[in-house]
Amino acid sequence: MLSVKPWKADAIMRLVLSVMVCVFAGSVLMSAQHYVTVGGKVNPKLFFALVAGALGCLAATLVLVSRPWPLENLSRRLLTLMVCAYSGLVLGLWAQQTSGAAGAPSSIWRVIVASLSFQGASLVLIARFVRAHKLSWSEAFGLSNQRRRAALLGMAVALLFLPLGWGLQQASALVMTHLPRFKLQPEEQLPVHLLRVSMSWAGRLTLGAAAILLAPLAEEILFRGILYPAIKQLGFPRLALWGSALLFAAVHMNAVTFVPLTVLAVVLTALYERTDNLLAPIIAHALFNTLNFVTLFLIEQTGAS
């Protein structure tokens, strides 16, 4: 049974908002990189003024979100926050539109920026979140609870779920191709596509590090370690389970993997409940990604030879 977590509602709101701001800032940086590489629709001075303005407003938003909100000037702080956030959003969207980045080809750079702006930023923000609750990482996520058992169960779950995940993905792709009315076509996830076309070992190692190390750690802490218990403890266990699972699948932004990732999230949540140690779903997630990564790499190597 999962132990009670002392997560504060305002701290969770700050964390989620901060992660969203960092992700959007990452998309603005990707637009700037595309503009530098191939050019855009406006002159450079205007474009980089938009980028600088957007990033400045987003940085101010992060600072405002992180500070205490005393009741005596709450309305003023809220107004300032909204002005900074919406200004950053408008300027960032304007920069993206004029950069010509829509439909830009995939690149290792995009994976690096996306990983650092989401998973990397999440880990930094979660560290602050844990400190704000005056807990150690072990206390916050049960990392010292029967570690060997948690690790073994995590590995077992990954091995058992792997064929089910592949089957669900194939079934999803098959269903999508038989729904011509909705014009849905299965698309590879960006890291998978890049692994297929990447020629350098540096690129492959970057993809591997992001998929095997960074993503499982950050995503499990955020979705299973924080969001799930917080919603459950409010008295909504089903919403906590399915809401966190659906959100986990949605952030990967790939229709063909939505169902298998939702099922995986439910399984990982059950594993966390069973062990009360977040190490178990972290290991399961990391091993699942590792097996997928290695399998795809071997298939590509066999096809190339």
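All values below were derived from every heavy atom in this structure, side-chain atoms included, with hydrogens, water molecules and symmetry-related copies excluded. These numbers were taken from a predicted model, which means no experiment stands behind them.
Between the side chain of N277 and the backbone N or O of A150, no donor-acceptor pair lies under 3.5 Å. A donor-acceptor pair under 3.5 Å is formed between the side chain of S244 and the backbone N or O of L241. Panel note: side chain R128, backbone V124; no donor-acceptor pair is recorded below 3.5 Å. Between the side chain of K5 and the main chain of A230, no donor-acceptor pair closer than 3.5 Å is present. Put simply, the side chain of E139 gets close to the backbone of S136: a donor and an acceptor are under 3.5 Å apart. A donor-acceptor contact shorter than 3.5 Å links the side chain of S66 to the backbone of V63. With S117 contributing its side chain and A114 its backbone, the two residues share a donor-acceptor pair below 3.5 Å. Checked by atom type and distance alone, the side chain of H133 pairs as donor or acceptor with a backbone atom of K8 at under 3.5 Å.
In this structure, F161 has its ring center under 6.0 Å from that of F288. Checked against the 6.0 Å centroid criterion, the rings of Y35 and F48 qualify as a close aromatic pair.
In this structure, OG in S18 is found 5.5 Å from CG in L62, a value given to the nearest 0.5 Å. In this structure, CG on L89 lies 5.0 Å from CZ on F24, to the nearest 0.5 angstrom. For the atom pair CE of M20 and OG1 of T61, the computed distance is 11.5 Å after rounding to the nearest 0.5 Å. For the atom pair E219 CD and L247 CG, the distance stands at 10.5 Å (nearest 0.5 Å).
S27 and Q96 form a side-chain donor-acceptor contact under 3.5 Å, judged by distance and modelled atom types alone. With hydrogens and angles left out, the side-chain atoms of Y228 and E273 include a donor and acceptor closer than 3.5 Å.
Relative to the ring axis of F248, R224 places its NZ or CZ within 45° and under 6.0 Å from the centre.
More than 12 heavy-atom neighbours from other residues, nucleotides or ligands sit within 6.0 angstrom of CZ on R77.
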